[in-house]
Amino acid sequence: MPYIPHTEAEVSEMLKSAGADSMEELLTCLPADYRVEGSLRLPAGMSEMALKEEMASMASMNCGSGERSVFLGAGAYAHYIPSAVDHIVSRSEFFTAYTPYQPELSQGTLQAVFEYQSFVCRLTGMDVSNASLYDGASATAEAVLMAGRITRRPGVLLSRALHPEYREVVSTYLGSLPESTGESIKEIPYCPNLGSTFVEAVKTALTGDIACVVLQHPNFFGTLEELEEVAEVAHANGSLLVVVVNEPVSFGLLKSPGEAGADIVVGENQSFGNALNYGGPHLGFMSAREKFLRQMPGRLVGETVDTEGRRAFCLTFATREQHIRRERATSNICTNHGLTALAASVHLALLGEAGLRELAHLNLSKATYLKERLKSIEGVNLIFSSPTFNEFVLCLGTDPEPVLKVLLEKGIVGGLALGRFYPELREHLLVTATEINSRTEIDNFADALGTVMASVLGVTGT
Amino acid sequence: MPYIPHTEAEVSEMLKSAGADSMEELLTCLPADYRVEGSLRLPAGMSEMALKEEMASMASMNCGSGERSVFLGAGAYAHYIPSAVDHIVSRSEFFTAYTPYQPELSQGTLQAVFEYQSFVCRLTGMDVSNASLYDGASATAEAVLMAGRITRRPGVLLSRALHPEYREVVSTYLGSLPESTGESIKEIPYCPNLGSTFVEAVKTALTGDIACVVLQHPNFFGTLEELEEVAEVAHANGSLLVVVVNEPVSFGLLKSPGEAGADIVVGENQSFGNALNYGGPHLGFMSAREKFLRQMPGRLVGETVDTEGRRAFCLTFATREQHIRRERATSNICTNHGLTALAASVHLALLGEAGLRELAHLNLSKATYLKERLKSIEGVNLIFSSPTFNEFVLCLGTDPEPVLKVLLEKGIVGGLALGRFYPELREHLLVTATEINSRTEIDNFADALGTVMASVLGVTGT
Amino acid sequence: MEEPVLFERSVSGRRGVSPAEHDVPVTDVSALIPERFLRSQGEEAETTYDPMLPEVSELEVVRHYTRLSQWNFGVDTGFYPLGSCTMKYNPKINEDIARLDGFTTIHPYLDESLTQGALKLMYELEGYLAEITGMEAITLQPSAGAHGELCGLLMISKCLKARGEHRTKVLIPDTAHGTNPASSHLAGFKVVQIESGADGCITLDSIKEAMDTDVAALMLTNPNTLGLFEHDIVEIAEIVHERGGFVFCDGANMNALMGLVRLGELGVDVVQLNLHKTFSTPHGGGGPGSGPVGVGAELAPYLPTPRIKKESGIKREGESYSFEYDRPDSIGRLKAFYGNFAIMVRAYGYIRRCGPVGLRRVSETAILNANYIKQRLKSTFDLPYDDKPCMHEAVFSDTGLKETGVNTMDVAKRLIDYGIHPPTVYFPMVVGGAIMVEPTETESKAELDDFIAAMEAIAEEAKEKPELLRNAPFTTKVSRVDETRAARVPKLKWMPKDHMTAFD
Amino acid sequence: MEEPVLFERSVSGRRGVSPAEHDVPVTDVSALIPERFLRSQGEEAETTYDPMLPEVSELEVVRHYTRLSQWNFGVDTGFYPLGSCTMKYNPKINEDIARLDGFTTIHPYLDESLTQGALKLMYELEGYLAEITGMEAITLQPSAGAHGELCGLLMISKCLKARGEHRTKVLIPDTAHGTNPASSHLAGFKVVQIESGADGCITLDSIKEAMDTDVAALMLTNPNTLGLFEHDIVEIAEIVHERGGFVFCDGANMNALMGLVRLGELGVDVVQLNLHKTFSTPHGGGGPGSGPVGVGAELAPYLPTPRIKKESGIKREGESYSFEYDRPDSIGRLKAFYGNFAIMVRAYGYIRRCGPVGLRRVSETAILNANYIKQRLKSTFDLPYDDKPCMHEAVFSDTGLKETGVNTMDVAKRLIDYGIHPPTVYFPMVVGGAIMVEPTETESKAELDDFIAAMEAIAEEAKEKPELLRNAPFTTKVSRVDETRAARVPKLKWMPKDHMTAFD
Ligand SMILES: Cc1ncc(COP(=O)(O)O)c(C=O)c1O
Ligand SMILES: Cc1ncc(COP(=O)(O)O)c(C=O)c1O
């Protein structure tokens, strides 16, 4: 039996020590009438070799990014992961319990988390960061709840340019709250010319019951937001600015949200060291201004000393957490995303300051080149004029689905059709380029789209 | 610059400490007239990401065994490697210098080698094993040299059923010896009916100047050898029996060479834990009777104690080795195959006694099923009648090359055409099956061969 | 070896790995992005963030984390009987299959035709978990156990709304894990604590008493955190159902039940599973996990979107799998995309490898190992609940050690010196100085015997050299750490010495 | 943590991993194979071999080797300035590329049409190495440096035979690595030792004197094992050539020369390279390595078979690669199949990643690091040869420590307590109590400074607390081991207690 060490002789001996004549005797507390009859209806067990073959064949039913040119982003980004990342993260000493309960045996994890917190603070321009949350969407929901606890106000303004699935998650989290804060989520439109959140609309919506304004930056359309302007009006209203970042490579170029006036910065650090993995596990992060520390959800590691005065690390401010505070905790989160945070740390450490800047610049260059190539195609238009980072929106003037299908036949995944999330953008594509998209791939994409569009226009033309 | 940590500022500072004004000043001992002008003519360096792509594309120009059904063995065997093997061998603590000079910092490597030596002794039925040699072929050459040192006789009898490339290596090693032992290599024919070495011919050739008889078991044709009979006649003549095993999975079923009377057992342990890797690195092993210890080449680890009496391990009997004994050493080997030996140990540890027996049985069953299926094909004949383990020889009655070509088009690598090594077997194939060949693969092979043979016979028939 | 915080190794201008080549024209950033958006560069930036990220070489990064790893204790290092955590062996093969390119590189928004393998895997995994738990339907979306709890509670809430009922309370036993009340609160419920009975289980009477029309659900853990099977669960469930409530089972302890009983058949309406415990995936220093939720028929319409659908396609040969988004009654989404897929791959592999016979053997052996320890140690350590065999874990207390002056914490710290990770301590709170031992099925008798011997030796030491225990551990990189100071003088990130504020 | 020999963990009947399923009929072994061939089964076998292999669980195997690994010191653990070993950082990416399925699963006897990628890689690697060394042709076949030495010497021998000459001696400097004389002997030559000159290099005069018509070759190492470049190499080679001999350069120290000088241009006729040193592949506790050999035009016909050939195919588009077996003058084969391919993949990746500029920088930095240490430590430790800058390594001696009573071994052992792997000691033998420090280019200044500080501290300790050095190390799993006893009471394999003979 895989993974079970006992021989039959040992089982008998142990049963005897356990005071039982048979295994069944140990199971008497299970209700006799409800015991599973026979075996579970599951496929029979298999050898490791058979399993590996089975899984390889299942994996081959998917198309990895190696096989096609993929221009998808929208909250999950394919970046090159340096080899050292997985080698380090695979060291089994890092495979521990979900909580480093015993700091003496967990200094490695604890110091790594402390460093991760430091990285996040540096990137976001914030004072404190927690050890991780599940993902960018739930981190956004936690930030909204946190803002509510801080301001004791029920209302939330969500930018419509915030990732649509993040908006969904926020409303799921708020949906059942007895104060029915759920009902006071208000969506702020984006400016159809700029592609960024409509600042005037924020101003109008900022009433006395608004806990926070939530902006994504770069937003779901890849567009940069006017964080400073929004921070100012929010603060003037006693509301907080929550900034969501789900393409953190942008931190290498962009002014940090902290410098721009954000109060809480949350988002997704998957871009650092973590593969797409069909959507998870990714890496939610949260950082905030110092004064909000005690309202922060999730775990925190702090530096301290041991009995002999040596530097040591441990969990701290645990009184915010569920295992101490139970229903009065700042969140129910317990297991977080420790290993993916470790991967992010290693990637960031390998990049260093200059590396991150270069990587961000490279992403900008790739996306800019792609943008230039695509926008010169007849029938293809950029609709938003604000600056973008590594993704942007195209209007094709036609339903993108058949276009995507033709591209797919040529091995190109040409972006995300936005109609799925924005009925008003049903002729639009969100297109992303990162360092993994080679110039050749980009050129092929542009050529292929040119051909498709020509035939579409031809058809429409006649 | 990859892998070089210094910044420019550090380089200047260090140059200053090193008493030089420029890098060039440190290079003055190089002959000025012979300095490389400009750069080496090599492709420009590349990022890790670009390298990975480049290598993946190169690897994809090969056909891995996942993509075809491969029925090749002949000294290199595709076995399933349990996942834990590579996880353990990848632990970078095992990536050390070529010699564990400092036992205090190398107890892990040293104990692992000690255990490996123990495994080899158990499998081969011998008293002592060294830490590893390069591969089965060079191990065979070392065994022949060792037998010469022990017996002080110049002659060697090599079975013609010994792997042809092993025979080549033995003669390369012996070729330049001043005593011209090279000229006294004598080849013993195999019995064309049995497929095993012709024992009568051994008897005849056993003259007073013969140091050793070398048999492979199972031999190159997959056939079992009459070790006991040969041991008896060899010993009666004061010669040693060297047994070569290059499919060590057979140890799970077969009587150990030691029990059968061998004096030195060498060969290849690649089957345990090591991939085919296009032929290397594999894993040469050598074990022998206790009394030959001091003539053994290669490194040995022994158990001892530290200053406080605790169990410890260290290199021992180093006075046989080149770094102490220089030209009087038992061999020139220094760097051996430590990591591949570690992989073999881990695989053997995972298998355990019963696992190895089962694996051997499974290989026998697979090859037997294949044999049954193939031999029932019209025109295909087994020519050797002695028992085989996991490979065997087929006679097709025609040049196998075109047959193999047709099979290849169907994704089947149908074995090794023996004409390459044995002109007398130019219509013959060596066919191997291990646990990685599924019944379906075997059936497909048999069906395909049946079809090809039918058309061959059809053509020949008309 | 001391290993500084990585920033302290930084040398300005040093490079670790460089990003890929710039094979497209190098853009002029300031021409594309107005300055107000840009991170300041050069000197100014350096003084503010000195540096933003540490600048170290690849070798230094590798050494840094290699050393950090050496200060950690994982399951591969030694026995890890951390109660309620199911620290079993994480098969290496699972790491390999989870790293197959066809799984790691797929983008969640790829056309479904390009991800049939992933969808099939998820669909089948749902089926397996449904079979194991006896539930009607499973969602794989939640990211961890607590996330699953929230998911289940939101479904109950939504279902009650649909029924037109306004129930505000959730009953939770005093032995429950902290996430249970925290999740209940997050889902908008008030928590009512239920006291365990004398034998460590919930009593029928306490439920009868507490169960009124305000109660939305009873949330229990089975086996509970004392390692005991809630023997009255069937009757309890009947009462809760009769009075219009739901039974939520925290399934974190499923390692004891696979192939033995199905929760759904015992009357459970919702259960969350911790794939990262029972189904054996590593969760380093805090995850990632995966917390699927199983529900009975009444709650199924409320499952989060999307769902996975299987169709016997007409165009495509055989089956085809797709996401179903149109679920009008759903509570919505709990995370972006579709769940922690890489964890599901491991759990799927584990289930396929073990098969039904293996899974049952897993649970039986987990129970055997716990009972073995329980019986062998109960003459040395106090065992507050001992009426029946335990399930996957046994909870001891430190009351027997009172007169020696040492407590559970001291015993735990001393165990470290014996090369063993301490059990969970001081939880559940109903046991004074609890020592909660969950050996799991992957530990050999020899390993258990070593643990028992260590515990016995420590009990001796407690009498003879109590200061040894109070000062333990002695074999670790640091001795006991000053947790009070960490909270009093918070240093939550690294700062260069001259930038330190009182806060840093 | 103590970790017994694996046999001592064995429990009869336990299973680690099981082999694959028997999907074909289970054969009756005894019907297929007569009993005389079969290993005895059951009881009898158990008493002889009790058991043949240890029977442990997968988790136990993993823990066992994880613990063993913790008693080892690798480059990822810390500074490893083991002279003559070039213990540089092994890039992780090389491990990944060497594990690509398309490389690991290919059988050496596959039709060449199925291995074009592998053949191309080998062909190109030969070209790169030829360019780096300035040699005419390269073989990748030898398995390690010593194997390469043998290969080169056999070629010389064969070439001489072809010339009709009978030369029996090889000249080898006293600083040479032990493999040089051992390989010469194996190739049938007698060894004549050449003494180094006062500056640590071979003198022209000594060669003039020794070089007679009996000498087949001069075998030198350049840079030599004192870390010095043989400055007279060009003139020396001229003399050797004039008198009909060959110049063999042991290229194990190529890390100092890449992109700076080409050995071929200096007059070297044969050189072996250690891919596992210069080209950065891990070689745990003894390999595997790879020892390509480069030769000039005269020796090229004697290269081992097979060779790799590139053709601009007619049928196939572009180039095609194949093996060439028909080489009538070849010395033959040195190993089965084609060399240690997986090591070549790593070396190839390393060369491609670094490129020409990078490789030159590698050598420059290796030299800089060695000179930095040399200059900074020479006031503390005796430096016997100090006329010129050193190359990749610097050799100190312990003569300055004489009066303290401690020796090189004590210094080495004490370094361990500072978290540093000791340098190579007592080699080369021309230096009394040699301490041979090769830092390599991948070490940062900070790491070098730590080493220097440790060496200085130890020199202080030698004066003040010599017993500290004599009893060091204190931080390792074991203290100094009794090597004498290991040879006196040989235990070379594990045996059950009651089976032990005096020998075990
Ligand atoms: C009994 C019990 N319930 C719930 C949880 C919460 O699960 P998670 O940590 O995955 O959120 C845990 C453990 O963490 C647990 O032990
Ligand atoms: C100078 C020198 N020559 C030759 C060798 C032999 O190489 P290998 O150990 O690869 O056989 C070594 C090291 O081992 C060496 O340092």
Side-chain angles (χ1 to χ4, degrees), chain A residues 1-14 43-57 59-60 64 66-67 79-96 104-105 107-108 112 273 275 310 342-343 346-347 349-352 355 436, chain D residues 1 6 9-24 46 51 54-72 74-77 89-102 104-105 280-282 345-346 349-350 352-353 442 444:
Chain A
M1 208 50 58
Y3 319 132
I4 296 180
H6 304 337
T7 62
E8 271 175 46
E10 286 176 316
V11 169
S12 325
E13 201 185 328
M14 292 172 73
M46 46 170 66
S47 69
E48 196 185 291
M49 178 177 126
L51 176 65
K52 194 161 178 191
E53 276 168 21
E54 172 85 12
M55 298 306 284
S57 100
S60 72
E67 288 161 65
H79 290 288
Y80 179 71
I81 303 175
S83 165
V85 173
D86 198 50
H87 284 265
I88 289 169
V89 176
S90 298
R91 286 187 61 84
S92 63
E93 291 91 334
F94 287 123
F95 297 179
T96 58
E104 298 86 355
L105 284 180
Q107 286 299 300
R310 292 175 294 205
L342 178 63
V346 179
H347 192 183
L350 287 166
L351 283 170
I436 68 144
Chain D
M1 279 289 298
L6 205 48
R9 283 210 178 275
S10 178
V11 173
S12 174
R14 194 188 291 160
R15 304 302 302 268
V17 291
S18 302
E21 289 76 9
H22 231 106
D23 64 350
V24 294
E46 266 167 43
E55 307 206 289
V56 285
S57 71
E58 181 169 333
L59 171 55
E60 286 172 301
V61 172
V62 170
R63 270 193 197 147
H64 177 73
Y65 288 102
T66 300
R67 286 181 191 153
L68 293 196
S69 77
Q70 289 165 347
W71 305 338
N72 258 14
V75 174
D76 291 357
T77 319
Y89 173 57
N90 301 133
K92 300 300 169 199
I93 183 71
N94 291 356
E95 296 309 302
D96 297 349
I97 60 181
R99 281 172 177 76
L100 288 165
D101 274 351
T104 57
T105 65
S280 190
T281 76
V345 175
R346 292 172 171 92
Y350 180 73
R352 292 295 304 269
R353 175 109 167 81
T442 57
S444 67

Query raised in the report: Rounded to the nearest 0.5 Å, what separation is found between the CZ atom of D:Arg63 and the OG atom of A:Ser92?
Result: 10.5 Å

Query raised in the report: Got a donor-acceptor contact below 3.5 angstrom from the D:Glu21 side chain to the A:Met46 backbone?
Result: no

Query raised in the report: Closest heavy-atom contact between A:Glu48 and D:Val17?
Result: OE1-CG1, 3.9 Å

Report summary line: Smallest heavy-atom separation, D:Pro19 atom then A:Ser47 atom, equals O-CB, 3.8 Å

Report summary line: Separation between OG1 (D:Thr66) and CD (A:Glu93), nearest 0.5 Å, reads 7.0 Å

Query raised in the report: Do any N or O atoms from the side chain of A:Ser83 and from the backbone of D:Ile93 form a donor-acceptor pair under 3.5 angstrom?
Result: yes

**Report entry** Portion of A:Glu10 that has a non-hydrogen atom of chain D nearer than 4.5 angstrom
**Finding:** side chain

Report summary line: The salt bridge (Lys or Arg N to Asp or Glu O under 4.0 Å) partners of A:Glu53 (sequence neighbours excluded) come to none

**Report entry** Contact check, side chains of D:Lys92 and A:Ile88, non-hydrogen atoms, under 4.5 Å
**Finding:** no

Report summary line: Taken to the nearest 0.5 Å, the spacing of A:Arg91 CZ from D:Asp76 CG works out to 7.5 Å

